[in-house]
Engineer: 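Okay, handing you the structure first.
Numbers here are sequence positions counted from 1.
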Amino acid sequence: MKAKAAEIGQFLKREPLRLYLFHGVDVAGSRGAATKLASHLGGERNSLDPSGFKGDPGRLVDEAAGAGLFGDAKLIWLEPVGNEFTPAAEALLGAPATEHPVIAIAGALTKASKLLKLVESSSEAVALVSYEPSLRDMVREVGNMIEARSLQADTGIAERIAETCDLNRDIAEREIEKIVLYIAPETRIDHEAVDAIGAAYGTTEWMGVGDAAMDGDVEAVETALGAVSPQASEAVLVWRAVQRRVQMLLPLAARVAGGEPTQSVIASQGRALFWKDKPLVTRLLGKWPAGQLDRLAARAMAAERAAMLEPGAKRAALGEELLAIARAAQRPRRPQR
């Protein structure tokens, strides 16, 4: 089956499925919908590393059939997953019976994805897509976050947070949490508070750092890394930019792989592709075949998740990942036509 992540409510009213696959460019939206589902399903939440099933897909069946730590109900949470998760999903959906539901979160998957096709064709599973939110959607989300904390905000605050956080729900929530800690209890969120503590994501140049890495421009990446804050608060924006670029490139790369000349593919985009970006996109299509783009998307999604949720030296981690991508882009590729 397939549905939109925003339609998760209909799946709260029916018997649990074996597998819920959340996918799409809005990973934060997928995670939010998955969290809502997990709260409804209840049970002990077991967060497992999807890479552990790569060489042993049958292990997922065992996990879904086994009892919780104290014999109670449980649910299995896997993040991030990609097409390499397909054998484990096949084993899960092909098993005679399972006891506990599996929630898996992926980034954007192409229509040709074997994992997506498998889940959409099963009556025991559903693929729920999260599209990139509009500004209007994000403003409403920010307003809900503020209300959930029993706070009020001056006119324009929700719009401002939504815009400066690149329409990213996770970043917006963290920004609100910072502001709440800054303001006095039982006061309104005003523009002065946002000026004092809010992130200026909307005015930074970090969108181009991911492009530089994908283009193999090590010098540009190293220069940008020199300006990264100690906490690497820019990391999430960088990784979202990489994922957006990959999603823009994937359909073009598929056409090139199918035999179309690169220049013809570029020309067919017309005004949909900004003229200043055409040389860059042409180079990127020569450096990143479709299969490599899928792996890059998974890597960027994992890096974004780590930047948001995991402790550690985030500045160093951002640098290592970006430079690894830049070095990969420098490797010789088979010439495109």
Engineer: Any salt bridge linking R59 with D62? Criterion: basic side-chain nitrogen under 4.0 Å from a carboxylate oxygen.
Structural biologist: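 No.
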
Engineer: Same cluster or not: V129 versus L118, using hydrophobic residues (I, L, V, M, F, W, Y) connected whenever any side-chain heavy atoms lie under 4.5 Å apart?
Structural biologist: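 V129 does not cluster with L118.
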
Engineer: Indicate yes or no: at least one non-hydrogen side-chain atom of E321 is less than 4.5 angstrom from one of V242.
Structural biologist: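 The answer is no; the side chains never approach within 4.5 Å.
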
Engineer: Can you list the steps and then say if K117 with E120 is a salt bridge (charged side-chain N to carboxylate O under 4.0 Å, His left out)?
Structural biologist: CA-CA 5 Å; K117 289 181 177 179; E120 290 181 345; over 6 Å; no

Engineer: Would a single hydrophobic cluster contain both I146 and Y182, if residues Ile, Leu, Val, Met, Phe, Trp and Tyr are joined by side-chain heavy-atom contacts under 4.5 Å?
Structural biologist: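 Yes, because Y182 and I146 connect within a single hydrophobic cluster, where side-chain heavy atoms sit under 4.5 Å apart.
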
Engineer: Could you check whether any side-chain N or O of D215 sits under 3.5 Å from a backbone N or O of D217, counting only pairs where one atom can act as donor and the other as acceptor?
Structural biologist: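 Pair absent, no side-chain N/O of D215 close to backbone of D217.
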
Engineer: Please check: side-chain N/O of H191 versus main-chain N/O of T155, any donor-acceptor pairing under 3.5 Å?
Structural biologist: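 A pair under 3.5 Å: yes.
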
Engineer: State plainly whether one hydrophobic cluster holds both L17 and V119, where clusters connect Ile, Leu, Val, Met, Phe, Trp and Tyr through side-chain heavy atoms under 4.5 angstrom apart.
Structural biologist: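 Not linked; separate clusters.
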
Engineer: How about CD on Q10, more than 12 heavy atoms from neighbouring residues, nucleotides or ligands closer than 6.0 Å, or not?
Structural biologist: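 Buried by this count: over 12 neighbours within 6.0 Å.
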
Engineer: Assess whether side-chain contact (heavy atoms from CB on, under 4.5 Å) is satisfied between F11 and L41, documenting all intermediate values.
Structural biologist: CA-CA 10 Å; F11 294 94; L41 293 174; over 6 Å; no

Engineer: So, for P50 and E79, which heavy atoms are closest and what is the spacing to 0.1 Å?
Structural biologist: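 For P50 and E79, the tightest heavy-atom pair comes out as CG-N, 3.6 Å.
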
Engineer: Please check if F22 and L48 belong to a single hydrophobic cluster, counting links between Ile, Leu, Val, Met, Phe, Trp and Tyr side chain heavy atoms closer than 4.5 Å.
Structural biologist: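 Looking at the clustering, L48 is in a separate group from F22.
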
Engineer: Please step through side-chain contact (heavy atoms from CB on, under 4.5 Å) for the pair Q269 and D277, ending with a clear verdict.
Structural biologist: CA-CA 11 Å; Q269 298 303 293; D277 285 345; over 6 Å; no

Engineer: Does a side-chain heavy-atom distance below 4.5 Å link L250 with D294?
Structural biologist: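 Yes. Closest side-chain heavy atoms under 4.5 Å.
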
Engineer: List in chain and number order the residues that pass side-chain hydrogen bond (donor to acceptor under 3.5 Å, both in side chains) with T223, two or more places apart in sequence or in another chain; answer none if no residue qualifies.
Structural biologist: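 Checked T223 against side-chain hydrogen bond (donor to acceptor under 3.5 Å, both in side chains); zero matches.
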
Engineer: Please check if the number of heavy atoms outside K2 that lie under 6.0 Å from its NZ is greater than 12.
Structural biologist: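 12 or below, so no.
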
Engineer: Test side-chain contact (heavy atoms from CB on, under 4.5 Å) on L323 and E222; report intermediate values, then the result.
Structural biologist: CA-CA 8 Å; L323 290 172; E222 290 177 338; 3.9 Å; yes

Engineer: Would you say the side-chain atoms of E7 pair up with the backbone N or O of K4, donor to acceptor, closer than 3.5 Å?
Structural biologist: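 Side chain of E7 to backbone of K4: a pair is present.
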
Engineer: Kindly compute the distance separating CH2 (W77) from CG (L37), expressed to the nearest 0.5 Å.
Structural biologist: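 These two atoms lie 8.0 Å from each other.
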
Engineer: So do M138 and I161 actually touch side chain to side chain, heavy atoms under 4.5 Å?
Structural biologist: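 No, too far: nothing below the 4.5 Å cut-off.
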
Engineer: Locate the shortest heavy-atom distance separating A302 from P80; write the atom from each residue and the value.
Structural biologist: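 Reported closest heavy-atom pair: CB-CG, 3.9 Å.
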
Engineer: Is any side-chain heavy atom of V256 less than 4.5 Å from a side-chain heavy atom of L252?
Structural biologist: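 With C-beta onward as the side chain, the pair stays apart.
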
Engineer: For R188, does its backbone N or O pair with a side-chain atom of Q152 as donor and acceptor, under 3.5 Å?
Structural biologist: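 The answer is no, because no donor-acceptor pair under 3.5 Å joins these two groups.
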
Engineer: Please output the side-chain donor-acceptor pairs of residues 83-97 that fall under 3.5 Å, not counting sequence neighbours, one pair per line with the distance.
Structural biologist:
residue, atom, partner, partner atom, Å
N83, OD1, S113, OG, 2.5
E84, OE2, G82, N, 3.1
T86, OG1, N83, O, 2.6
T86, OG1, L115, N, 3.4

Engineer: Treating H100 as the side-chain partner and G66 as the backbone partner, does any N or O pair qualify as donor plus acceptor under 3.5 Å?
Structural biologist: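 Checking the backbone N and O of G66 against the side chain of H100, a donor-acceptor pair under 3.5 Å is found.
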
Engineer: Are L19 and L128 connected, step by step, through hydrophobic side chains (Ile, Leu, Val, Met, Phe, Trp, Tyr) whose heavy atoms are closer than 4.5 Å?
Structural biologist: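 Result: no, two separate clusters.
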
Engineer: So, E99 and K74, do they make that salt bridge, N to O below 4.0 Å?
Structural biologist: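 Answer for the salt bridge query: no.
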
Engineer: side-chain contact (heavy atoms from CB on, under 4.5 Å) for L116 and K111? Distances and angles first, verdict last.
Structural biologist: CA-CA 7 Å; L116 192 57; K111 292 183 179 179; 5.6 Å; no

Engineer: Do V246 and W288 have side chains that approach each other closer than 4.5 Å (heavy atoms only, starting at C-beta)?
Structural biologist: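 Side chain of V246 against side chain of W288, heavy atoms only: no contact under 4.5 Å found.
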
Engineer: Ignoring hydrogens, what is the shortest heavy-atom contact between A158 and G143? Give both atom names and the distance.
Structural biologist: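 Heavy atoms of A158 and G143 come nearest at CB-N, 4.3 Å.
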
Engineer: What is the minimum heavy-atom distance between V25 and A108, and which atoms define it?
Structural biologist: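 Residues V25 and A108, closest heavy atoms: CG1-CB, 3.9 Å.
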
Engineer: Find the distance between CZ (R240) and CZ (R244) and round it off to the nearest 0.5 Å.
Structural biologist: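 It comes to 5.0 Å.
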
Engineer: Let me confirm one number: the OH-CG distance from Y20 to L75, rounded to the nearest 0.5 Å.
Structural biologist: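 If I round to the nearest 0.5 Å, the distance is 10.0 Å.
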
Engineer: I want to check something: taking the side chain as every heavy atom from C-beta on, are K287 and M214 in contact at a cut-off of under 4.5 Å?
Structural biologist: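 Side chain of K287 against side chain of M214, heavy atoms only: no contact under 4.5 Å found.
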
Engineer: So, for M1 and S123, which heavy atoms are closest and what is the spacing to 0.1 Å?
Structural biologist: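 Answer, listing the atom of M1 first, then S123: CE-O, 3.7 Å.
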
Engineer: Roughly how far, to the nearest 0.5 Å, is CD1 of I176 from CD of E173?
Structural biologist: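 Those atoms lie 7.0 Å apart.
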
Engineer: Taking all non-hydrogen atoms of both residues into account, name the closest pair between V27 and G107 and its distance.
Structural biologist: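 Smallest interatomic distance, heavy atoms only, reads CG2-CA, 4.2 Å.
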
Engineer: For a quick check under 3.5 Å, do S268 and R255 share a side-chain donor-acceptor pair by atom type?
Structural biologist: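 Note: S268 and R255 side chains meet the donor-acceptor criterion.
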
Engineer: Rounded to the nearest 0.5 Å, how far apart are CD of E304 and CD of Q243?
Structural biologist: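 One finds 5.0 Å between CD of E304 and CD of Q243.
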
Engineer: In the structure I gave you, are the side-chain heavy atoms of K36 and L12 within less than 4.5 Å of one another anywhere?
Structural biologist: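 Touching, per the 4.5 Å side-chain cut-off.
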
Engineer: Within the 4.5 Å heavy-atom criterion, are I105 and R31 side-chain neighbours or not?
Structural biologist: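 In short, these two side chains touch, coming nearer than 4.5 Å.
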
Engineer: Out of curiosity, R140 CZ to S134 OG, how far, rounded to the nearest 0.5 Å?
Structural biologist: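 One gets 7.0 Å once the value is rounded to the nearest 0.5 Å.
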
